[in-house]
Amino acid sequence: EAGVAQSPRYKIIEKRQSVAFWCNPISGHATLYWYQQILGQGPKLLIQFQNNGVVDDSQLPKDRFSAERLKGVDSTLKIQPAKLEDSAVYLCASSSRTSGRTWYFGPGTRLTVL
Amino acid sequence: AQSVTQPDIHITVSEGASLELRCNYSYGATPYLFWYVQSPGQGLQLLLKYFSGDTLVQGIKGFEAEFKRSQSSFNLRKPSVHWSDAAEYFCAVAPAGGNQFYFGTGTSLTVIP
C-alpha cells in the first residue's frame with residue numbers, strides 16, 4: 001500500500017510570509033496527525049483529526065497556525081504569518097483501528113524561516 | 001499529567017559495547033509502547049512495539065526492549081552497538097483504547113570507534 005504522502009519536502013520562506021503543507025494519509029485511515037519537530041527535539045503533536053473533525057488541537061498555536069481536513073481524507077496545515085521559531089520538520093501521520101494499531105509517518109516537510 | 005520521559009539526552013558508547021536507552025511513561029493504564037530511530041535528515045523508522053503479552057520484544061537491527069509494568073518503563077537494548085546505530089532514538093506511547101500518539105524528547109546516540 002502507498003505510504004503517507006507529504007508535500008513539499010522542503011520550503012524556505014522569510015518571516016511574516018505564509019506557507020502551507022499538504023498531507024495525504026494512507027487510504028482508509030480515519031485518524032490524521034500533524035507533528036512539529038524542532039531540531040534536536042521530539043515530535044510534538046500539533047493537531048489530531050478523526051475523519052474531518054478535530055480531536056485534539058491543544059498544542060496548536062491558533063493565532064498563526066490552522067489546519068483542515070474538509071473531506072476526511074487529505075489535510076492542509078497553514079502558517080500565517082511565519083516566525084523564525086517555526087523552522088522545523090512538519091510530520092504527518094495516519095492510523096486506523098484496522099491497521100493493527102500502527103501509526104504511519106510521512107517523510108516530513110522541512111521548513112526554514114529566514 | 002500523562003507523559004513519556006527519556007531521561008538521557010545524549011549517550012556515547014564504544015562500538016561493540018552494549019546499549020540501554022531508558023524510557024518511562026506516566027499513564028493510568030498500560031499504553032502501547034514504541035521505539036523509533038531517526039538518522040540525521042531522515043524520517044522516523046519503527047524499531048519495535050509492545051501492545052501486550054511477552055514483555056521482551058524483539059525488533060529490527062538487533063534491538064530489543066523490555067516492558068516493566070512495576071517501573072512504568074520500556075527500555076531499549078542492544079548487546080553490541082555498530083557505528084551505524086548512531087542516531088536519535090525516540091520512545092513513543094499511545095494510550096490503550098485511544099488514538100493519541102506522543103513522543104518522548106529523544107536520546108541522541110554517539111558511537112565511538
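These numbers come from the heavy atoms of this one structure, side chains and all, not from hydrogens, waters or symmetry mates. Labels below follow one simple rule: chain letters A, B, ... track the order of the sequence lines, proteins then strands, and each chain is numbered from 1. Keep in mind it's a predicted model, so treat the numbers as computed, not measured.
A:Leu77 and A:Val89 are members of different hydrophobic clusters when ILVMFWY side chains are connected at heavy-atom separations under 4.5 Å. The cluster map of Ile, Leu, Val, Met, Phe, Trp and Tyr, joined by side-chain heavy atoms under 4.5 Å apart, puts B:Val111 and B:Val37 in the same cluster. A:Ile38 and A:Leu84 fall into different hydrophobic clusters, defined by Ile, Leu, Val, Met, Phe, Trp and Tyr side-chain heavy atoms under 4.5 Å apart, directly or through other members. When the side chains of ILVMFWY residues are joined at heavy-atom separations under 4.5 Å, either directly or via intervening members, A:Ile79 and A:Leu91 end up in two distinct hydrophobic clusters. In terms of hydrophobic clustering, with Ile, Leu, Val, Met, Phe, Trp and Tyr side chains grouped at heavy-atom distances under 4.5 Å, B:Phe103 and B:Leu76 are assigned to a common cluster.
Considering only residues two or more places apart in sequence or on other chains, A:Gln80 meets the side chain to side chain contact (heavy atoms under 4.5 Å, CB included) condition with A:Ser18. Annotation: side chain to side chain contact (heavy atoms under 4.5 Å, CB included) contacts of B:Thr110 (sequence neighbours excluded): B:His10, B:Thr12, B:Ile112.
Looking at B:Tyr36, B:Phe34, B:Tyr102 one by one, the single match for ring-ring contact (aromatic ring centres under 6.0 Å, His included) with A:Trp103 turns out to be B:Phe34.
The environment of CG in A:Leu114 is crowded: more than 12 heavy-atom neighbours from other residues, nucleotides or ligands sit within 6.0 Å. The 12-atom threshold is exceeded at CH2 of A:Trp22, counting heavy atoms of other residues, nucleotides or ligands nearer than 6.0 Å.
Heavy-atom neighbours of chain B within the stretch residues 39-47 of chain A, taken at a separation under 4.5 angstrom, comprise A:Gly40, A:Gln41, A:Gly42, A:Pro43, A:Leu45. Using non-hydrogen atoms only and a strict 4.5 Å limit, the part of residues 49-76 of chain A facing chain B consists of A:Gln50, A:Asp56.
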For B:Phe101 and A:Tyr104, run ring-ring contact (aromatic ring centres under 6.0 Å, His included): C-alpha distance rounded to whole Å, both residues' side-chain angles, the deciding distance at 0.1 Å, then the answer.
-> CA-CA 11 Å; B:Phe101 196 89; A:Tyr104 295 84; over 10 Å; no
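A:Gln37 and B:Gln38 make their closest contact through NE2-OE1, 2.8 Å (heavy atoms, listed as atom of the first residue, atom of the second, distance).
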